[in-house]
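Before any comments, here is the structure.
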Amino acid sequence: MAGILFIISAPSGSGKSTLVSELRKQVGGVEFAISWTTRPPRGSEEHGREYYFTTKEEFQRMLDEGVFLEHAQVFNDHFYGTARKSLQEARAAGHDLLLDIDVQGAAQVRAKMPEAVSIFVMPPNPRVLRTRLRNRSRAEGVVNEEEVYRRLNAASKEIENYREYGYILVNDILDRAVAQLEAIVLAERFYRNGEVIAYRSRRVLEVAAACLQSNSHERLKPVLEAFGIFGSTGQQQLNFNEDSDEEDSTVDEENPDDD
Ligand code: ADP
Ligand code: 5GP
């Protein structure tokens with residue numbers, strides 16, 4: 001059975017890695033492509049687990065040798081790339097493959113493989129995103145405000161690309177977003193490979209369909225407005241009237257699995 005290629009993108013701090021790690025606990029058969037990066041490890045990250053860490057020189061050499069399926073310079077800073085080998089190995093094994101890549105890399109992959117399933121994860125609003133970026137920094141031992149704001153300012157630009165993606169998740173309540181991501185994977189397996197969904201199949205297909213970009217207009221309106229994108233003509237301005245962090249929720253208040 002042919003494996004499905006999933007691309008997942010999100011502004012940094014939206015919760016993409018958290019969602020992917022939850023998905024992999026709950027759904028078998030999804031390989032994760034470990035990217036190469038020139039950025040230094042963060043917190044407890046390990047070479048060969050989250051990323052393959054390398055130098056700019058080595059990355060350039062690999063690039064010249066055609067090692068990468070796609071690559072990008074993210075935040076005008078470090079380089080990131082997916083090795084072709086990841087895709088070849090997943091294909092040979094017939095496994096699904098998940099690429100966690102930025103909007104530039106996603107565009108490169110879509111151009112080569114239009115059949116890829118693309119998913120864009122949005123944070124609910126800029127203040128929640130700032131809270132998550134700060135919390136993550138705190139958990140890693142130091143809050144680098146400059147880095148937090150650099151990533152925050154890049155967020156609106158990245159969110160502008162949401163129209164290029166087939167599915168959109170708003171990662172507000174974690175359990176709900178995980179259930180939606182799981183539903184997308186199971187629904188795509190069902191439609192593309194005829195794979196049977198073991199439980200609550202109709203509900204799973206409905207949850208996935210609601211996440212299609214074409215069905216997400218109303219759901220996305222407040223998010224786009226909060227990021228100054230919807231209906232905006234000029235440069236976006238992220239406005240924080242007060243400096244307190246937003247309450248963030250990991251509580252499952254509205255579980256789509258509850259019939
Ligand atoms: P990304 O991979 O998109 O950069 P992370 O997965 O590292 O983001 O998440 C950033 C921070 O936000 C982490 O501290 C994570 O625990 C937290 N987080 C992720 N999703 C949620 C959520 N739905 N509610 C609250 N906190 C979340
Ligand atoms: P971080 O430094 O927070 O881990 O990742 C920063 C950004 O780089 C995220 O948007 C992430 O998706 C992206 N990224 C990670 N690996 C790759 C990759 O292999 N290629 C591309 N194009 N982007 C990547």
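In listed order, ligands and their atoms are each counted from 1. When reading the values below, keep in mind they use all heavy atoms of this one structure, side chains included, and skip hydrogens, waters and symmetry mates.
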I'd like a table of the close N/O pairs between ligand 2 and the protein (anything under 3.5 Å), one pair per line with both atom names and the distance.
unit_1	atom_1	unit_2	atom_2	d
ligand 2	2 (O)	R39	NE	2.6
ligand 2	2 (O)	Y80	OH	2.5
ligand 2	2 (O)	R151	NH2	3.4
ligand 2	3 (O)	R42	NH1	3.1
ligand 2	3 (O)	R42	NH2	3.4
ligand 2	3 (O)	R151	NH1	2.8
ligand 2	4 (O)	R39	NH2	2.9
ligand 2	4 (O)	Y51	OH	2.5
ligand 2	5 (O)	Y51	OH	3.4
ligand 2	12 (O)	K16	NZ	2.6
ligand 2	12 (O)	D100	OD1	2.7
ligand 2	16 (N)	S35	OG	3.1
ligand 2	16 (N)	D100	O	3.3
ligand 2	19 (O)	S35	OG	2.7
ligand 2	19 (O)	E70	OE2	3.3
ligand 2	19 (O)	G81	N	3.4
ligand 2	19 (O)	G81	O	3.2
ligand 2	19 (O)	T82	N	3.4
ligand 2	19 (O)	T82	OG1	3.3
ligand 2	20 (N)	E70	OE1	3.3
ligand 2	20 (N)	E70	OE2	2.8
ligand 2	22 (N)	E70	OE1	2.8
ligand 2	22 (N)	D102	OD1	2.8
ligand 2	23 (N)	D102	N	3.0

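Residues satisfying the ring pair (Phe, Tyr, Trp, His ring centres under 6.0 Å) criterion with F53, sequence neighbours excluded, are Y51. Applying the ring pair (Phe, Tyr, Trp, His ring centres under 6.0 Å) rule to Y165 yields the partners F120; only residues at least two apart in sequence or on another chain are considered. Residues passing the side chain to side chain donor-acceptor pair (under 3.5 Å) test with S14, sequence neighbours excluded: none.
Residue nearest to atom 22 (C) of ligand 1, selected from R134, K16, R132: R132 (by heavy-atom distance). Considering only non-hydrogen atoms, atom 7 (O) of ligand 1 lies nearest to R136 out of R136, R138, R176, R151.
Listed by number with element, the atoms of ligand 1 under 4.0 angstrom from any heavy atom of S12 are 4 (O). Residue-ligand proximity, S17 to ligand 1, at heavy-atom distances under 4.0 Å covers atoms 1 (P), 2 (O), 6 (O). Counting the atoms of ligand 1 from 1 in the order shown, those under 4.0 Å from a heavy atom of S14 are 3 (O), 8 (O). Interface of D172 with ligand 1, defined as ligand atoms under 4.0 Å from a residue heavy atom, comprises 22 (C), 23 (N), 24 (N).
In summary, the side chains of E58 and Y52 do not present any donor paired with an acceptor at a separation below 3.5 Å, with no hydrogens or angles considered. A donor-acceptor pair shorter than 3.5 Å cannot be found between the side chains of E195 and N193.
Note on ring orientation: taking the six-membered ring where Trp is involved, the planes of W36 and H47 are perpendicular (angle over 60°, cut-offs 30° and 60°).
In A10, neither the side chain nor the backbone holds a heavy atom less than 4.0 Å from any atom of ligand 1. Within the 4.0 Å heavy-atom criterion, neither part of L19 lies near ligand 1.
By the 4.0 Å N-to-carboxylate-O rule, E225 lies too far from K221 to be salt-bridged with it. Classification of E45 and R39 as a salt-bridged pair holds, one side-chain N sitting under 4.0 Å from a carboxylate O.
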